[in-house]
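Working notes for the structure below.
As a basis for the values below, the full set of heavy atoms in this structure was taken, side chains included, without hydrogen atoms, waters or symmetry mates. As the structure is a computational prediction, the values presented were derived from the model and not from experiment.
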Amino acid sequence: MRLWSYALLMTLVAAGGTALSWRLFSDRTRLDAAYMACSEELLPAQVRAQRSGERALTCEATLRDTTTRVHANDLAFVEMESDLSATREELTALRAQRVEADKRMAAIANIQARFAKMIDTGELKVTARRGSLVVELPAEVLFRSGSADLSEKGQLSVLEVGFILKQLPDRRFLVVGHTDNIPLKSAGFADNWELSTARALTVTHVLVKAGMKSETLLAAGAGEHDPLRGNARPADRQRNRRIEIQLLPAITELPPLPATLSEAPAEEVAA
């Protein structure tokens, strides 16, 4: 009787366990089905979110690159505008220099025309040397050998030169004496340098008599140290003996000085 009851009890327990297991299996199946259904709904959303994030990153990178290019273009535009402004200033300066150059060439042509008669007679030459216009007078026309006193013909020649050059009142002139390299035999001067300086001073004084302003004239002597030719032949030595009157460049013809330099005040110059 007990054995039968135990068997019956075990049968019932087994049956109950089976039912419970069935219910658990059914619930698990329904849960898996629900999860799968939800996963199918959620998966596209995740994909969309992922793709949306990728598009956002792409847009951000594009915006960043575009901003960089715009900034670079702005800098290039500013630089181009600055270059254009500098080019305009340079063009203006070049035009001003061209005007001054044309004026200078017109003045030189005018001087050559006025000196034409003296050039034709061999009393002087008008040349360009080291970028300056030079009126060159042979020493033989002006002075006796070893002397700094002008001959009568030489004095007339210098006066005529002064009458023409005084028509350029805004110019300054450098009067330079030159000799050959033959040592002096006269005791009147220590050397050729001293002779050339004395001759330059004599010519300068006569130019002032012709009406040129003394403040526009500078006198100097180069002696034998700035020859036009070698001194081996007599004809070359004769060519080297000369008086040069150089037209000094106007301030507008000179390159600008550094900003660190400035013109000395008048009181310092006077001192």
Side-chain angles (χ1 to χ4, degrees), residues 104 106-182 184 186 188-229 231 234-250:
R104 186 163 66 254
I108 292 173
N110 181 51
I111 290 174
Q112 286 180 310
R114 291 179 179 274
F115 282 135
K117 181 181 177 181
M118 299 182 72
I119 293 173
D120 292 340
T121 58
E123 295 179 72
L124 58 78
K125 297 177 182 292
V126 177
T127 61
R129 192 161 186 244
R130 299 188 180 115
S132 297
L133 183 143
V134 176
V135 177
E136 179 186 323
L137 297 97
E140 282 70 22
V141 175
L142 307 178
F143 304 100
R144 295 184 301 273
S145 178
S147 173
D149 297 326
L150 281 169
S151 65
E152 184 177 349
K153 181 181 178 180
Q155 187 167 9
L156 291 175
S157 296
V158 174
L159 284 171
E160 190 170 356
V161 169
F163 292 148
I164 295 174
L165 294 182
K166 73 177 183 180
Q167 299 177 40
L168 301 172
D170 58 337
R171 289 287 181 164
R172 303 179 76 220
F173 302 88
L174 178 64
V175 183
V176 186
H178 298 267
T179 68
D180 57 27
N181 67 341
I182 302 300
L184 290 177
S186 171
F189 301 96
D191 52 26
N192 283 322
W193 216 336
E194 188 173 309
L195 172 62
S196 65
T197 303
R199 286 178 171 180
L201 284 170
T202 299
V203 171
T204 301
H205 286 306
V206 176
L207 291 175
V208 173
K209 289 181 181 179
M212 296 185 70
K213 296 179 180 180
S214 58
E215 60 267 25
T216 66
L217 294 168
L218 302 171
E224 63 200 64
H225 306 293
D226 188 19
L228 294 174
R229 298 177 180 175
N231 286 286
D236 293 336
R237 291 196 295 272
Q238 181 180 356
R239 184 75 172 85
N240 290 332
R241 296 190 296 267
R242 66 202 188 277
I243 292 290
E244 289 183 348
I245 304 174
Q246 301 177 12
L247 275 72
L248 299 179

For salt bridge (charged side-chain N to carboxylate O under 4.0 Å, His left out), just list the numbers for Arg129 and Glu244, CA-CA rounded to whole Å, side-chain angles, deciding distance to a tenth of an Å, and then say yes or no. CA-CA 10 Å; Arg129 192 161 186 244; Glu244 289 183 348; 3.6 Å; yes
Work out which heavy atom in [X] is nearest to a heavy atom in [Y]; give both atom names and the distance.
X: Pro138; Y: Gly122; result: CG-O, 4.2 Å
X: Ala148; Y: Leu195; result: N-CD1, 4.3 Å
X: Ser196; Y: Gly223; result: OG-N, 2.9 Å
X: Phe189; Y: Gly146; result: CE1-O, 3.7 Å
X: Ala200; Y: Gly177; result: CB-N, 3.7 Å

Thr179, Asn231, Asn192, Asn240 screened by side-chain hydrogen bond (donor to acceptor under 3.5 Å, both in side chains) with Glu224, the one that passes: Asn192
Crowding at CD, Glu152 (>12 non-hydrogen neighbours, <6.0 Å): no
Could you tell me whether Lys125 atom NZ has more than 12 heavy atoms of other residues or ligands within 6.0 Å of it? no
How long is the straight-line distance from [atom2] of [Y] back to [atom1] of [X], given to the nearest 0.5 Å?
X: Leu217; Y: Arg172; atom1: CG; atom2: CZ; value: 9.5 Å
X: Arg239; Y: His178; atom1: CZ; atom2: NE2; value: 10.5 Å
X: Leu124; Y: Ile243; atom1: CG; atom2: CD1; value: 13.0 Å
X: Leu207; Y: Leu159; atom1: CG; atom2: CG; value: 8.0 Å
X: Asp180; Y: Arg229; atom1: CG; atom2: CZ; value: 13.5 Å
X: Gln246; Y: Leu174; atom1: CD; atom2: CG; value: 5.0 Å

Evaluate side chain to side chain contact (heavy atoms under 4.5 Å, CB included) for Val134 paired with Ile245, printing each intermediate quantity in order. CA-CA 6 Å; Val134 176; Ile245 304 174; over 6 Å; no
Judged by atom type as modelled, is there a donor-acceptor pair below 3.5 Å linking the side chain of [X] to the main-chain atoms of [Y]?
X: Arg171; Y: Leu248; result: yes
X: Ser151; Y: Leu142; result: yes
X: Ser147; Y: Arg144; result: no

Restricting to pairs with a member in residues 114-123, which pass side chain to side chain donor-acceptor pair (under 3.5 Å), not counting sequence neighbours? Asn110-Arg114, Arg114-Gln167, Thr121-Glu123, Glu123-Ser157
Using the rule side chain to side chain contact (heavy atoms under 4.5 Å, CB included), only one of Leu165, Val206, Ile164 pairs with Met212; which is it? Leu165
Derivation of the side chain to side chain contact (heavy atoms under 4.5 Å, CB included) call for Phe143 and Leu137: CA-CA 11 Å; Phe143 304 100; Leu137 297 97; over 6 Å; no
Please determine whether side chain to side chain contact (heavy atoms under 4.5 Å, CB included) holds for the pair Met118 and Val161, giving the CA-CA distance in whole Å, both sets of side-chain angles, and the decisive distance to 0.1 Å. CA-CA 9 Å; Met118 299 182 72; Val161 169; 3.9 Å; yes
Non-hydrogen side-chain atoms of Leu228 and Glu136 separated by less than 4.5 Å: yes
Test side chain to side chain contact (heavy atoms under 4.5 Å, CB included) on Phe173 and Thr204 and set out the steps. CA-CA 10 Å; Phe173 302 88; Thr204 301; over 6 Å; no
